[in-house]
Amino acid sequence: MLTIATWNVNSLNVRLPQVLDWLRDQQPDILALQETKLSDADFPTLAIANAGYQTVFAGQKTYNGVAILSRLPASAIVTDLPGLHDPQRRVLGATVAGVRVLNLYVPNGQAVGSDKYAYKLAWLEKLHDWLRAEQAAHPHLVALGDFNIAPEDRDVHDPAAWTGQILCSARERAAFQRLLDLGLRDSFRLFEQEERSFSWWDYRAAAFRRNLGLRIDHILASPALAETCTACMVDKAPRRRERPSDHAPVIARFNLDPT
DNA sequence: ATGGTGGCGCGGCCA
């Protein structure tokens, strides 16, 4: 059994106690973090090691920043999309326990038509080409993280209000579908799920209490890995805590022995 | 109510 999870923590500095609690409670084999907002020099390697996890990271002060926490060591580490020389630390690839793990913090895009939207779409193009190459080299692969895309209307609390908006626009959804067209499977949709299942809720307007969310955090599995997937769920418990991240962790379990 | 909250870091950006 291999458990792989993703969590946008919106500042690891603030959320470290919650992450340590969550590691203790859930004991994932692999946890991909986004928005650590820490330079590499400030990464809390020791506290995480004391919890039983090794760490690799691609850090950035104030914005972005990604990390992979794992029971077993990580190798073949990559921190950039090929062909995209980007100071923003949004990508971390590593091989752990025989699985190629690609941790992604897809650009938010801010607003449809903005410069950041164009950057997001260009980024997703580069991601597509990279995932195709990585999948060819690694039969057991997960591409997981904060995709900042709600793939379908059922992933949106109010589809009418969000139609054409950022995180839901047709071009973003088409880019996401192109990733699925590579053969990747959305682990969450391999199983029956509650209606109105989301992974992110705005801090404003009591959105979490009212379940006004979007499902934008995903665990995409290669075909061979998806065959072994036994469960995928959102863990809303951390979102209920005081001073939470605006995202909840997503967990997938695989009937696979670590190698 | 064209807002609201939170993180970073101390004004304004980003989400």
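Just so it is clear: chains get the letters A, B, ... in the order the sequence lines come, proteins before strands, and each one is counted from 1.
The same atom, C1', is picked in B:dG9 and in B:dC13; the two are 11 Å apart, to the nearest Å. Here the separation of B:dC14 from B:dG4, taken at their C1' atoms, is 16 Å to the nearest Å. B:dG11 and B:dG7 are spaced 14 Å apart, taking the C1' atom of each and rounding to whole Å.
Contacts between chain A and DNA chain B, taken as any atom within less than 4.0 angstrom of a protein heavy atom, begin and end at B:dG4 to B:dA15.
Without hydrogens or angle criteria, A:N103 side chain to A:A67 main chain gives a donor-acceptor distance under 3.5 Å. A donor-acceptor distance shorter than 3.5 angstrom exists from the side chain of A:Q193 to the backbone of A:C232, with no hydrogens or angles considered.
Using a 30° and 60° split on the angle between ring planes, A:H157 and A:F198 fall in the perpendicular class, above 60°.
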TODO: Verify salt bridge (charged side-chain N to carboxylate O under 4.0 Å, His left out) between A:D155 and A:R189, making sure each step is shown before the conclusion.
DONE: CA-CA 11 Å; A:D155 302 312; A:R189 293 301 180 199; 2.6 Å; yes
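Mapping A:A205 and A:N10 onto DNA chain B by nearest heavy atom places A:A205 at the nucleotide closer to the 5' end. Nearest-nucleotide mapping onto DNA chain B: of A:Y63 and A:R243, the residue sitting toward the 5' end is A:R243.
Counting non-hydrogen atoms under 4.0 angstrom, A:R209 reaches nothing in the nucleic acid. Backbone-only contact: A:Y105 has heavy atoms under 4.0 Å from sugar-phosphate atoms and none from a base.
With no hydrogens or angles considered, no side-chain donor-acceptor pair links A:R215 and A:S199 at under 3.5 Å. Defined by atom type and a distance below 3.5 Å, a donor-acceptor pair is present between the side-chain atoms of A:S169 and A:E172.
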